[in-house]
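Everything on this sheet refers to the single structure shown next.
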Amino acid sequence: MDNTEIEAFVTSLQDFFDKLDDKSVNIGTPFLIDDINSYLLDYTGVISITGNHKGTVFFTASKLMTSRMLQTMGVVSTVEEKQMDLVGEVCNTVSGNVRREFGENFLISTPIVMQGHADTMKVSNIKDIYLIPVVWNSLKSNLIINIKESKS
Amino acid sequence: MLKIMVVDDSSVIREKISRVLQDQQFELVGDAKNGIEAVKQFKEQRPKALTLDITMPLMDGIETIQEIMAIDDEARILVVSALADKPTLIKAIQLGASGFLCKPFSDADLSEALEELLEDLIDG
Amino acid sequence: MIKQLSSNKGLTLAALGLLVLVVIFVFVYSSISNRNAEFSTARLQLTELDERLTYYTASNQDLFAAESRQFTVLASSDVGKAFPQFTQLSRALGANDVVRSRSITKEIISKLGKNVEKQAQLRDLSLWAGLLLFFAYFLLIVIPQILKVSQLEEVEVEAKQESADIMDTINEGLFLLDGNHDIGIEQSKSLRDLFRLDRQLEGNFFDFIGQYVPDKTVQTARDFLELLFKKRVKEKLIKDLNPLDEVEINIVRRDGSYENRYLDFTFNRVLAEDELQHLLVSVRDVTKEVVLRNELEAAKEEQEAQMELLMRMFSMDKSTLKNFVLSSEAGLDEINQVLERRGYSDAEIRSKLVSISQQAHRLKGDSAALGLHGFEFTMHEFETQVGLLQDTQGGLSGKALLPAVTALKDAFSQLDRIKGIATRFSDFDDLDGDSDSQITVASRANSGQASLHTGVAAQLQQLASELSSRRDVRVNLNTFGLQENEVPEAYRDVVASSAVQLLRNSIAHGYSSPEQRIANGKSDFLNVAASLVQTENELRFVIRDDGQGIDQEAVTQKAKELGLIGEDEANVSVAKLIFHPKFSSKDEVDLDAGRGVGLSTVYSMVKQAGGSVMMSHAQNKYCQFQLVFPLSN
């Protein structure tokens with residue numbers, strides 16, 4: 001997968017936070033992981049991708065972060081349901097933006113949202129999964145991109 | 001003998017094509033390394049056919065086809081190019097090219113393509 | 001269709017024949033009947049005359065005259081012409097001759113009677129003959145024609161059924177395109193299945209296909225079909241230009257998810273009476289073939305890469321390889337850990353870059369020494385990306401590191417491949433049952449050279465020959481005390497990595513042309529000596545070349561350009577400068593030198609291991625580096 005596609009995900013996530021408030025969002029140095037499970041935070045949105053590239057993109061955020069985001073957006077209730085809705089919304093926006101940019105060869109499914117850790121998540125045999133830390137208001141979230149070039 | 005000219009920015013390719021042409025029933029009347037030279041020589045020599053590269057400096061093959069067709073729309077053009085992407089070749093044929101040959105090619109490939117070009121001349 | 005037309009023609013001809021036959025028959029029959037009727041009327045008139053004549057006497061002049069006029073008319077009729085007696089009769093009547101008139105009348109009546117009978121027979125005969133002829137004609141010509149037509153109709157119905165069956169069952173999607181590129185109504189059933197549709201395809205072909213393929217492909221397809229519809233363009237010529245052969249299409253499934261398929265569209269001209277009317281389009285699902293082919297190609301590529309690696313690794317000592325894998329793995333992990341460390345400000349990112357670039361440079365050097373060029377190249381790419389970032393002015397964001405991280409990912413997967421092969425080597429050993437043996441597969445493969453290919457010495461020789469062939473220079477390397485078992489375990493990595501960097505440095509910077517060397521009174525090849533000496537309390541590694549030495553002025557100048565020292569600073573220690581992380585005297589960056597991290601990497605590695613570095617040099621004479629490490633016993 002080309003860096004431009006990963007960058008598109010990061011940029012569009014950055015945009016989402018930029019529009020949330022005037023505090024800047026910080027992108028940490030990306031690194032590689034082989035086990036997604038250990039990097040999942042409280043709420044995780046999952047987007048699957050087909051087309052020339054196949055794989056999965058995760059946006060995972062701590063409960064502290066999602067609660068704070070809800071506050072910023074003026075949502076009073078911070079029940080579970082709202083938190084999950086929010087993560088879903090982040091994923092929807094991000095995937096929508098990326099789809100608009102890459103169109104035909106980069107097909108993105110409607111995101112699903114899950115809570116906590118999932119033990120079923122694939123563990124790669126080598127470090128080939130990107131993790132990009134996204135820090136907003138000193139609160140942590142991770143963008144995890146596990147995409148393999150489909151041979152075509 | 002049929003008059004023909006060779007247009008290619010690579011002197012190696014020009015030599016290779018010229019050699020094969022001389023073995024066939026063609027009379028080589030021109031040898032150009034870009035589109036501008038090609039059009040100029042075409043006007044002077046009025047060959048019946050030419051082999052033409054696509055990627056060339058100053059004036060590329062596509063533009064050259066247009067220029068040459070404007071002078072003589074009966075001229076037969078064999079596109080000889082490494083730039084084998086379909087849209088470009090389709091464009092070349094739309095504009096009036098009669099055939100194409102992708103680089104790299106063997107002498108036999110070239111002979112065959114030229115024979116077809118010749119057959120086309122007799123038919124047309 | 002054409003056959004049916006001709007059979008209809010046969011039937012029409014048969015019917016026409018029948019009509020002609022009927023007309024002729026009617027004409028013949030009616031003319032016979034007419035004549036017969038005329039004759040009968042004439043006989044009746046004569047019979048009546050005969051009766052009237054029995055009452056007439058010669059004195060009835062007026063009556064005779066009237067009769068005579070009547071029979072004169074009759075005499076000139078068809079019947080009268082057939083019987084000359086009528087003229088005699090009219091004369092006899094005119095002469096008021098009752099007897100003669102009666103005898104002529106009787107004569108005519110008897111003759112007419114015979115004639116009428118004959119004619120009646122003829123009429124009946126012709127009727128029968130006509131009927132017979134009709135019957136025969138019907139039997140021999142009309143019925144076979146009718147049968148033929150009905151048979152053809154049957155065949156046609158059958159054919160229609162068959163073609164419907166074909167269209168329902170054929171695996172290919174078939175349809176016709178007209179000149180406006182509209183999709184035809186007759187379609188094979190599988191066509192809709194290929195696109196996962198419930199209904200037939202309809203409308204404009206390009207609008208339809210545009211839902212599945214990129215706009216660019218649609219445009220190319222449009223141009224291509226335009227050419228196909230031009231009759232003057234040879235079908236064969238443009239066959240290979242079809243942009244919709246093995247085209248990848250993306251289909252939305254009913255559940256909203258996507259599916260990728262490869263479809264192969266073939267377009268054939270349909271000529272009717274030499275006019276191009278339609279294109280027959282056939283669509284095939286070639287997903288399996290394409291996927292299989294791609295997999296095969298990938299496997300082949302992978303195999304070739306593996307073969308190359310394998311050949312390289314065969315000439316390598318097993319423990320050297322193992323050390324390389326372990327230390328590289330550790331190195332890559334360390335780079336990754338540095339990246340994972342929290343810190344996203346510009347300063348934090350820049351400090352991360354410094355430490356990872358040193359590590360990367362070491363990995364590059366180590367892999368070059370072993371001739372593992374794929375890995376070396378990837379690390380070079382990584383270093384280049386990191387270097388670009390270091391040169392970037394202004395605030396760095398983590399996002400900018402993505403290209404470097406992609407290179408890192410490639411490095412991980414390459415190392416994994418090397419490790420895979422190395423593991424297979426040891427499996428091979430296990431099978432032989434002598435895995436503890438010092439003799440390695442590699443050394444057995446070329447046993448003559450086995451003793452040369454061990455330890456740091458072997459790595460350095462390999463690197464020297466690699467570099468001299470790559471840079472087209474001549475190098476003579478002598479080593480001492482650097483065989484595998486001569487380097488203490490504790491310092492093996494640092495000695496090996498430093499030696500590699502310093503040798504690269506000697507060759508990259510110390511080399512001058514053979515002519516120049518001879519002019520300076522030296523041999524025409526660069527001599528490099530590397531030695532490791534162990535004393536009671538220290539380990540001393542020395543590497544010395546008889547190259548150009550260090551151009552003090554050039555180094556100072558360069559340091560000023562790089563802003564490492566002030567413009568008017570003089571007498572700065574060259575050693576300090578050349579070990580600075582940012583320093584490189586080479587203007588161009590290539591795989592071997594120019595990053596400026598080589599010497600600084602050595603410096604930080606040696607420091608980390610608790611050692612020290614010393615340098616001495618004389619311009620145009622020599623350059624020497626000495627690394628000293630403490631030994632506890």
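Throughout, a chain's letter reflects where its sequence line sits, starting with A, and its residues are numbered from 1.
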Taking every non-hydrogen atom, the tightest pair across A:Pro30 and C:Val405: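 That closest heavy-atom pairing would be O-CG2, 3.3 Å.
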- prompt: Between C:Lys409 and A:Ile147, which heavy-atom pair has the shortest distance, and what is it?
  reply: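 Heavy atoms only, the tightest pair is NZ-O, 4.4 Å.
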Any chance you could measure [X], atom [atom1], to [Y], atom [atom2], to the nearest 0.5 Å?
| X | Y | atom1 | atom2 | value |
| --- | --- | --- | --- | --- |
| A:Leu32 | C:Thr406 | CG | OG1 | 8.0 Å |
| C:Lys352 | A:Phe31 | NZ | CZ | 8.5 Å |
| A:Asn26 | C:Ile349 | CG | CD1 | 8.5 Å |

message: Quick one, A:Lys127 with C:Asp333, criterion side chain to side chain contact (heavy atoms under 4.5 Å, CB included). Give me CA distance, side-chain angles, the key distance, then yes/no.
response: CA-CA 9 Å; A:Lys127 290 198 170 71; C:Asp333 273 333; 3.0 Å; yes
task: Name the region of A:Pro133, side chain, backbone, both or neither, that has any atom closer than 4.5 Å to a heavy atom of chain C.
output: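 A:Pro133 has no heavy atom closer than 4.5 Å to chain C.
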query: Side chain, backbone, both or neither: which part of A:Val134 has a heavy atom under 4.5 Å from chain C?
result: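 Neither the backbone nor the side chain of A:Val134 comes within 4.5 Å of chain C.
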query: Can you list the steps and then say if C:Arg342 with A:Val135 is a side chain to side chain contact (heavy atoms under 4.5 Å, CB included)?
result: CA-CA 10 Å; C:Arg342 204 180 160 90; A:Val135 181; 4.2 Å; yes
- request: Indicate yes or no: at least one non-hydrogen side-chain atom of A:Thr11 is less than 4.5 angstrom from one of C:Lys399.
  value: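 Yes - at least one pair of side-chain heavy atoms lies under 4.5 Å apart.
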- prompt: Based on non-hydrogen pairs under 4.5 Å, which of A:Ile126, A:Leu131, A:Ile33 is most in contact with chain C?
  reply: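 Going by pairs under 4.5 Å, I would pick A:Ile126.
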query: Which answer fits C:Asp410, side chain, backbone, both or neither, if we ask what part of it has an atom under 4.5 Å from a heavy atom of chain A?
result: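 When you check distances to chain A, no heavy atom of C:Asp410 falls under 4.5 Å.
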